Amino acid sequence: MTILGIESSCDETAAAVVSSAPRSGALRLRSSVVSSQVAEHAPYGGVVPEIASRSHIRFITEVIAAALARAKVSLARIDAVAATAGPGLPGALLVGLTAGKAMAYLLKRPFIAVNHIEAHVCSGFLAEADLNPPLLALVASGGHTDLIHLPRHGEYRILGRTRDDAAGEAYDKAAKLLGLGYPGGPKLERLARTATSSSRFPVAKIMDGGLDFSFSGLKTAVAMAVERADGTPKPALAAGFQDAVIAALVGRTTRALDRTKAKRLVLAGGVAANAAIRNRFAVLAKERRIRLVVPPMALCTDNAGMIAAAGWFAAKRKAFSPLTVPARADWKAGTAIEAVA
Ligand code: KG4
Ligand code: ZN
């Protein structure tokens, strides 16, 4: 089975091909092409939706062609087309979704509307082909921070999510406050690495015993520290911020592991590209003797390999979508996307 995946929910135009390995039948990534718009948005300090949509329109066709060419797969060999239908920027989503539907229609193949957050979890299955549910996943990106339990393939139970800013968004905002450019996550991480001391910032505690996150208080604490200008070096502020984010992520994940008794943990999303976060989770996994899967960097940040992978599992279940399926900017993982009439 060979699946073409398309992603355009935010600021990356991406296409990828996955297929079943000839002997084992296991999921295999054949190609993954990502065209990043970071440089186009950088002057504005964040993603500009209209620029994102226009850029997707400009590059989508050649990105899809490149993914097929790199996989050495002809259109006739595609068994189904999968595209992100949400969550994301509405205008951006529509470009990849419409391209995917058009291809499915012309090729007379089934179409699969993929949830971007569920796809981030699936990057774990791409990274390690022998990985299977039940498992726990922490998806931390620029738009989302979700703790998800997968009792089995295709079943996503949200245990906790952010109540305000996403972890990556907090990184980007803190980086802006520290005078670093966009995107801030990797820049803040590099600055923190040079620190010789670390500021103390509060870790938000939501006292209801739940598994939700909150990062907006931390952002305010960084803003106040910067305003105080008491001579604290910027690397110390960056390191303190990072320590607080890690404490929040590890704390909630530990609680979720207790609750689900999961023995496997997938760390996914753009924030999982952070080495300090990866290292702390490696320690947690060792302490608890669980299997930790952190996909390689290229599969952690937005890509279409994970969309194709989610499509591959959906195709195995014959969970196809009608071509009337809408783009849903706020599609929650684990819920059904309703088709418009
Ligand atoms: O998953 P992703 O590529 O896109 C979304 O779906 O949001 O995640 C992008 C987010 C950005 O907020 C970026 O600052 C953050 O991931 N990020 C990082 C690092 N690399 C990317 N955050 C912290 N440390 C990093 N090294
Ligand atoms: Zn993402």
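In each ligand, atom 1 is the first atom listed, and ligand 1 is the first ligand listed. In this text the structure is predicted, and so the values were computed from the model without any measurement.
- Close contacts of ligand 1 with Gly143, meaning ligand atoms under 4.0 Å from a residue heavy atom, involve 7 (O).
- Within 6.0 Å of CZ on Arg289 lie no more than 12 heavy atoms contributed by other residues, nucleotides or ligands.
- His144 lies apart from the Zn ion (ligand 2) in this respect, since none of its N, O or S atoms is found at a distance under 2.8 Å.
- Of the protein's non-hydrogen atoms, the one nearest atom 26 (N) of ligand 1 is Glu189 OE1, 2.8 Å.
- A donor-acceptor pair shorter than 3.5 Å cannot be found between the side chains of Gln37 and Ser35.
- Each of the atoms 6 (O) of ligand 1 lies under 4.0 Å from some heavy atom of His116.
- The N/O atoms of Gly142, backbone and side chain alike, include one that comes under 3.5 Å of an N/O atom in ligand 1.
- Arg58 CZ: 12 or fewer foreign heavy atoms inside a 6.0 Å radius.
- For the 3.5 Å distance criterion, the side chains of Ser214 and Asp164 qualify, holding a donor opposite an acceptor.
- For the side-chain contact (heavy atoms from CB on, under 4.5 Å) criterion with Leu249, the lone passing option out of Thr254, Leu138, Asn274 is Leu138.
- Sorting the N, O or S atoms of Asp302 by how far they are from the Zn ion (ligand 2) puts OD1 first.
- With a 4.0 Å cut-off on non-hydrogen atoms, Asp302 touches ligand 1 through its backbone as well as its side chain.
- The number of heavy atoms from other shown groups lying within 6.0 Å of CZ (Arg54) does not exceed 12.
- Taking backbone and side chain together, His120 holds an N, O or S atom under 2.8 Å from the Zn ion (ligand 2).
- Around atom 15 (C) of ligand 1, the closest heavy atom drawn from Val271, Ile117, Asp11 belongs to Val271.
- Neither the backbone nor the side chain of Glu12 has any atom closer than 4.0 Å to an atom of ligand 1 (non-hydrogen atoms only).
- For ligand 1, the polar-atom distance check finds an N/O of Gly185 within less than 3.5 Å of one of the ligand's N/O atoms.
- Between Asn274 and ligand 1, a contact under 3.5 Å exists for at least one N or O pair.
- Distances between N or O atoms of Gly168 and those of ligand 1 include at least one value under 3.5 Å.
- Atom numbering of ligand 1 starts at 1 in the shown order; those under 4.0 Å from a heavy atom of Tyr171 are 22 (N), 23 (C).
- Ligand 1 lies out of reach of Cys10, whose nearest heavy atom is not under 4.0 Å from it.
- At the shortest separation from atom 1 (O) of ligand 1 among protein heavy atoms lies Gly270 N, 3.0 Å.
- Side-chain rings of Tyr171 and Phe241 approach one another, their centers coming within less than 6.0 Å.
- For Arg200, the CZ atom sits in a loose shell: 12 or fewer heavy atoms of surrounding residues, nucleotides or ligands are nearer than 6.0 Å.
- Between His120 and His116, the angle of the ring planes goes over 60°, which puts this pair in the perpendicular group of the 30/60° scheme.
- Taking 4.0 Å as the cut-off between side-chain N and carboxylate O, Asp243 and Arg280 do not count as a salt-bridged pair.
- Under 4.0 Å from ligand 1, the heavy atoms of His120 that appear belong solely to its side chain.
- For ligand 1, the atoms lying closer than 4.0 Å to a non-hydrogen atom of Thr301 are 3 (O).
- Counting only heavy atoms of the protein, atom 11 (C) of ligand 1 lies nearest to Asp172 OD2, 3.5 Å.
- Counting non-hydrogen atoms of neighbouring residues, nucleotides and ligands closer than 6.0 angstrom, the NZ atom of Lys176 reaches no more than 12 such neighbours.
- Residue Met224 places its CE atom among 12 or fewer non-hydrogen atoms of other residues, nucleotides or ligands, all under 6.0 Å distant.
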